Every structure is written in structure tokens, then in C-alpha cells.
Enquirer: 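My questions all concern the structure below.
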Amino acid sequence: MRSRTLLRLTGPAVLVVAAALLGAVASDSTEVYFVNALVAVAIVVALYVFVGNSGVLSFGHVSFVAVGAWTAGVLSVPRSEKPAIMQYLFPFLRDHTVGNVPSLLLAAAVGGAFALLVGLPLMRLSGLAAGIATFGVLEITHNILRYYERIGPGANTFSSVPETTGVLQAAIGALLVVGAAFAYQTSRFGRLLRATREDVAAARAVGVSVYRQRLGAFALSGALAGFAGGLYVHLLPINTETVYLDLTFITLAMLVIGGMTSLWGAVVGALAVSGLDSVLAEAENGLDVGGIAVDLPAGTRIVVVGLLMALVLIVRPGGLTGGRELSLRRPPRAPANPNPRGEMES
Amino acid sequence: MSLLAVFGIGWQVLVDAVGLGAVYALMAVGIGLVFGVLRLVNFAYGQLVMAGAYALAFASQWNWPLWAAVLFCVAVVVSLSLAMERVVFRPLRSQSPAVMLVATFAVAFLLQSIALLAFGPLGKAASSLGYLNRPLTIGSVDIRKITIVAIVVAALCLGLLMLLLGRTTVGLHMRAAAMDFRTARLLGVRADRVIGSAVLVSGLLAAAVSVILTVQNPLVTPDFALRDTIVVLAGVVVGGMNRLLSATLGGFAIGFVSGLLGGALPTDQSQYLPSFLFGLVILVLLVRPAGLFARGRGPVERV
């Protein structure tokens, strides 16, 4: 039993380390794809902590990524450069600059606090109302970050943030998020929340507070998403459009394609879609495959990812991993359509 | 009237708000009809409108007469709508609504990026109905002709739909399916036919919306109608998805409130309109999760 539990952590961890090692030996131009993939793992696993364990859909998690990115970004731009790029900042933001690690921790703290604050009222909702309400959070966050220039660069791109997220930082960050997700889902709280996912009525009947369990997971997942946002802003110059609808779509696609209900699925989905995305990105720039020049028009990537996501949902609704954790034994013969109702609440 | 004046809302704002509400009500009906029979929230509805807008743009580029352009638009939107049902919705019919919502989210992005790939990011102009943008002055109020057209078209479409639902066999079947799909099938309602007709009507409505929106905003880009769809979806859920009427009222209400807010907010705060709007949406959902216009307390939520 114990070795099986351990396998469930080592599987995802080994994948992350493998991606990092490949990135470390790759050339500089390909390295960035691996770093991107590792940051994607962090974001998708953060999303999984809530969506996967609770079965409630959230369209709002990118707002926690955005808030984390803003926190880490604003606080780590060197003080001397702040007036030039962000002239309207509040004094306390203008006058303080923190290092790399503190900026990531603060990103996690702010992301978690924001998620807790938002979750307090929102976790009372379920189904479509919850979906639309979380979408509303994304809209509001995007709107405020874009126009409120006292807390950041507004519609401009975040420049001058130290680019500290290389392979090493991305790998450590992704491993930390995976570790936290694993620790949560094997904890008492994780199990209680998964019980509500499988059967709300039964979980209620044995005294589980659905609201409290969901709120806890939402806050944790917000903190991890904020942390991932911190990693992201240290990777490349971003703006409000980077952390909006497209990222919401692509991270949700990664989770769905991998398998919504397992940590293994979240990691596999993030890495698989990132890998495919990178190959397509290269192909958009012109790629030489065995002497044949491949040159795809720009924008092919989202078409392919969208097609893949629709296809996976139709053919294999459980995702590539079937929504199961990694196991050496073959899973018990699954029904043709594994658990269509239990996966996501309606 | 004095209360409205306090917020700086004049007749002008009021008329424009009703116009926006009318268009959003049409979109809400299109989304609500499909939800009724399929329990599926179609995130990709805006991309149907976008496709219709491109059809109109191409028709005006080719100098087609107006009737041909509108016909082309209807043909494109309806066939896309039916194709979407056949290829995506049908295989997913047994899935939970959340899975279907994610799937339509994927379809929306897919169609949008196909448009980006095929037509580029710059946009095309659909200008054949441009003269409808000219204002008609009544007293001190300038009403753009399209606003009147939008209100009339919306009223006409809704009236026809009421007749269809209330007076025809297909309508009866659709209402029965919306009430209880399984029992309706047991009683002899043909599932594919009733879903097909709902999708068809919803496509027709999307085409009407394409025509109205391209007049208001002739520049057609791949994200045409995306923002409107998001707002209407919120409106539909806020209104209450379980009845077509409450969904429609929700669509109208969010368009109307959005128009009023646009007029009432001081200029230096008008960029925060989405925040105010979605803040309001969240507030209403917290107070009435089943919908603002839902009858009674709405269905008992299982969760």
C-alpha cells in the first residue's frame, strides 16, 4: 500500500525532473520551451488542486495567476526603474523592492488571500452559477489590473522584472507545487473533498462540510496559482492579455486532456500539450523534418490544441490517463464510459 | 424620470440601453433554446455570430445585393450550427453539463483561431447596411436607425418563436423535451428531430444577431461578438436557465443594465464598466443562485 502511494508522487516528480534535465542539456533556443512547460505544470497542478479534487469547474484560476504575477512583478522591479515604467504606483509599492524568493512567497500569499476572500462567498455556489461567478472574477481581475495603474503597469508589458526563472527555478517550483498537491490530496482534507466529489449527499450525511472543504482547497489552489504566476512573471515579460482568456483556455485544455481527476493526469496533460505546442511553434517558424520543410501559418497551435481537446472530450472523457493516478498494475476493467457523472458536478 | 436624471441618464441612454438589451435578448434565446433540450451551455454561440459577420463582410466585398448577403449569412450560420451539433454536441449528450461547457469552450477557441488563420487579425469591413447607422432625431434624442431595427427585429423574432413554441407540434415537442427529455422520448418525441430544430432556430437567431451587430460595428475580427457572448452567458445564468422566458429576460436585463451603466458612469471610470457589471452578476448569483427571474425558489439544487 505504501509503495503504491509513493509511486503516485514519484511518477509526476520523475516526469518533471526529466523535463528539467532535457531542458538543461538542450540548446539555449529550445531550453525556453522546457522552462515554459515546467511553469505550465505549476499552473495546471494548481488548477487541479481545486477542480480535480472538488469536481467543481473554475474559470477564474487565471486571475490568481495574474494576481501572483503582478505581486511578484511589481515588487521585484529594481527601485530605480520603477518611476520610468510604473509612474503611478502607490508609495509603498514604489519604495520597496524584494529579492527573487521573497517575491515568489509573497505571490503565493497574495494569491491565496485573494482566493480565500473570493471563495468565502463564491463557494456557496455550485454548478453553472459557480462557473459564471468564477468567470466574473476573471473579468473583474483582468479589468482592474489593466486600468488601475497604482498597482502595476496597467495595459503595458511588465519590463525590467529580473528573469530568474530558468530551468532550475522552474523545476524546483513545479516540484514544490506537485509536492503540495500530493500532500493535500493524501491528507484528511483532500480525502474529505474527494468524497464530496464522488457523492455529495453521502459526504454530507457523514458530516462533511462541503463548503468548508471546498473553500480550503480553493485557497490552497489560489496560493499555488499565485506562486506559479510569480514563476511566470520572472520567466518573460507579460501583460494583462497574457494572463486572460487564452491562458484560461490552454490550462483548462491541459487539465482536460491529461485527465481532470488525478495529479498524474494534470502533469501528463501539461507536459504533453506544452510539448505539442512547442513543436507547433517551431513549425510556425519553419522547421526541417527529414529534409521536408514544414512551415505552418501562425495560429495553427490553438487550432490543433482546440481540436485535440474536443477530440479527447468526445473519445476519452477521462483524459489521456483516464483520470487515474499512476499505477503499475493494470487498472480494473473500466466501463466503456468511465464515470461520466461523477467526474464533474453539473 | 427625476431619479434617472440624478444618475445623468437621459432618454438617449435609455433608448440605447433598450437597443442593447434587445440584441442580447436575442442571443439569450438562442443559448436558452439549446440549453432547454440539451442541458448544454453553448460557449461557442458567439463564434456562430462571428461566422455570420464574416459572411456579410465577404458578401459586401463581392458587392452582392443585400438580400443575397443576408441569405448567405443565414446559410453559413445555420449550417455551422447544425454541424456543431452533429460533430460535437451529439457525442457528448450523455456527459455532465460541465463537461459539455468545457467542450463548447474548446469549440469556441477552435473556431476563433480558424478565423484568425483564414482571415487574419486585421478584420474585414461589412458595410452594406451602413446607412442604418444614421440617426433619426425625435425631439432632442438621436436614435440610430439600427437601434429601432434591432428592437423591432428582436420583438418580431421573439413573437414568431412564441408562436412556434405555442402553436406548432414541433414547438410542443421542444417544450416537452425541455421539461423532461427522457419522458418526452418515452411519449414518442423524436430526440434527434427536436434537438435539430432547436439548434436550427438558435442558428437563425444567431444570423439575425450577426446582421444587427455588423451594422453597429462593421469591422469584423476573429473575436467578433466574443465579449458580447460572455456577457450574455452571464445574463442568461443570472436570469435563470431553467425557463426560456427567464433566460431571455436575463439577457435583456444584462444588456439594459450594461447600457445604463455606460451612461451613468463618469468618463474617468467608464473603463471599469466590466468590473461593475460582473460584480453585480456575482452579487445577484449569491442572492438568487437559481436565477433572478426563476419561478418560485427554483429547482432544489442537489448540492
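What's counted below: heavy atoms across the whole structure, side chains too, no hydrogens, waters or symmetry copies. Within every chain, numbering begins at 1; the chains are lettered A, B, ... in the order of the sequence lines, protein sequences first and strands thereafter. Model, not experiment: these values are computed from the prediction.
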Enquirer: Let me know if B:Val87 has heavy atoms under 4.5 Å from chain A in its side chain, its backbone, both or neither.
Expert: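 Answer is backbone: N, CA, C or O of B:Val87 sit under 4.5 Å from chain A.
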Enquirer: Do you know which two heavy atoms are closest between A:Asn143 and B:Gln271, and how far apart they sit?
Expert: ND2-O, 2.9 Å
Enquirer: For the atom pair CG (B:Leu285) and CZ (A:Arg124), what is the distance rounded to the nearest 0.5 Å?
Expert: 14.5 Å
Enquirer: Would you mind checking which part of B:Phe89 comes under 4.5 Å of any heavy atom in chain A, side chain (CB onward), backbone (N, CA, C, O), both or neither?
Expert: neither
Enquirer: Would you say B:Leu101 and A:Leu128 make side-chain contact, with heavy atoms under 4.5 Å?
Expert: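 Yes. Closest side-chain heavy atoms under 4.5 Å.
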Enquirer: For A:Tyr147, is there any backbone N or O sitting under 3.5 Å from a side-chain donor or acceptor partner on B:Tyr272?
Expert: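 Yes; at least one donor-acceptor contact below 3.5 Å.
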Enquirer: At a heavy-atom separation under 4.5 Å, does A:Ala253 approach chain B through its side chain, its backbone, both, or neither?
Expert: neither
Enquirer: Ignoring hydrogens, what is the shortest heavy-atom contact between A:Leu125 and B:Pro289? Give both atom names and the distance.
Expert: CD2-CB, 3.8 Å
Enquirer: Using the side-chain contact (heavy atoms from CB on, under 4.5 Å) rule, take A:Phe135 and B:Phe43 through it: C-alpha gap first, then chi angles, then the decisive distance, then the call.
Expert: CA-CA 12 Å; A:Phe135 211 105; B:Phe43 201 92; 3.9 Å; yes
Enquirer: Using a 4.5 Å heavy-atom cutoff, which residues in residues 106-113 of chain B come close to chain A?
Expert: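 Counting heavy atoms that sit under 4.5 Å from chain A, the residues of residues 106-113 of chain B involved are B:Ala106, B:Phe109, B:Leu110, B:Ser113.
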Enquirer: Check whether A:Leu311 gets within reach of chain B through its side chain, its backbone, both or neither, counting any heavy atom under 4.5 Å.
Expert: neither
Enquirer: Tell me, side chain or backbone of A:Val303 under 4.5 Å from chain B's heavy atoms, or both, or neither?
Expert: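 Both parts, backbone and side chain.
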Enquirer: In terms of heavy-atom proximity below 4.5 Å to chain B, should A:Val305 be classed as side chain, backbone, both, or neither?
Expert: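 For A:Val305, neither part sits under 4.5 Å from chain B.
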Enquirer: Indicate the atoms forming the closest heavy-atom contact of B:Pro91 with A:Ile314, along with that distance.
Expert: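 In terms of heavy atoms, the two residues are closest at CB-CG2, 3.4 Å.
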Enquirer: For the OH atom on A:Tyr88, are there more than 12 heavy atoms of other groups (residues, nucleotides or ligands in this structure) within a distance under 6.0 Å?
Expert: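 No - once you tally the heavy atoms of other residues, nucleotides and ligands closer than 6.0 Å, there are 12 at most.
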Enquirer: Side chain, backbone, both or neither: which part of A:Tyr148 has a non-hydrogen atom closer than 4.5 Å to chain B?
Expert: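 Backbone plus side chain of A:Tyr148, per the 4.5 Å heavy-atom cut-off to chain B.
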Enquirer: In the structure I gave you, are the side-chain heavy atoms of B:Leu116 and A:Ile302 within less than 4.5 Å of one another anywhere?
Expert: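 When only atoms from C-beta onward are counted, A:Ile302 and B:Leu116 do not touch, as no gap falls below 4.5 Å.
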Enquirer: Looking at CZ of B:Phe105 and OG1 of A:Thr248, how far apart are the two atoms once the value is rounded to the nearest 0.5 Å?
Expert: 6.0 Å
Enquirer: Could you have a look at A:Leu252, A:Val315, A:Leu122, A:Leu307 and say which one has the most heavy-atom pairs with chain B under 4.5 angstrom?
Expert: A:Leu307
Enquirer: Please list, in residue-number order, every residue in residues 220-232 of chain B that has a heavy atom less than 4.5 Å from any heavy atom of chain A; write 'none' if there are none.
Expert: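 Listed by number: B:Leu226, B:Arg227, B:Ile230.
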Enquirer: Just give me the residue among A:Thr300, A:Thr196, A:Thr134, A:Leu245 that pairs up with chain B most often, heavy atom to heavy atom, under 4.5 Å.
Expert: A:Leu245
Enquirer: How far does OG of B:Ser275 sit from CZ of A:Arg146, to the nearest 0.5 angstrom?
Expert: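 These two atoms lie 12.0 Å from each other.
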Enquirer: With a 4.5 angstrom heavy-atom cut-off, is it the side chain or the backbone of B:Leu233 that approaches chain A, or both, or neither?
Expert: both
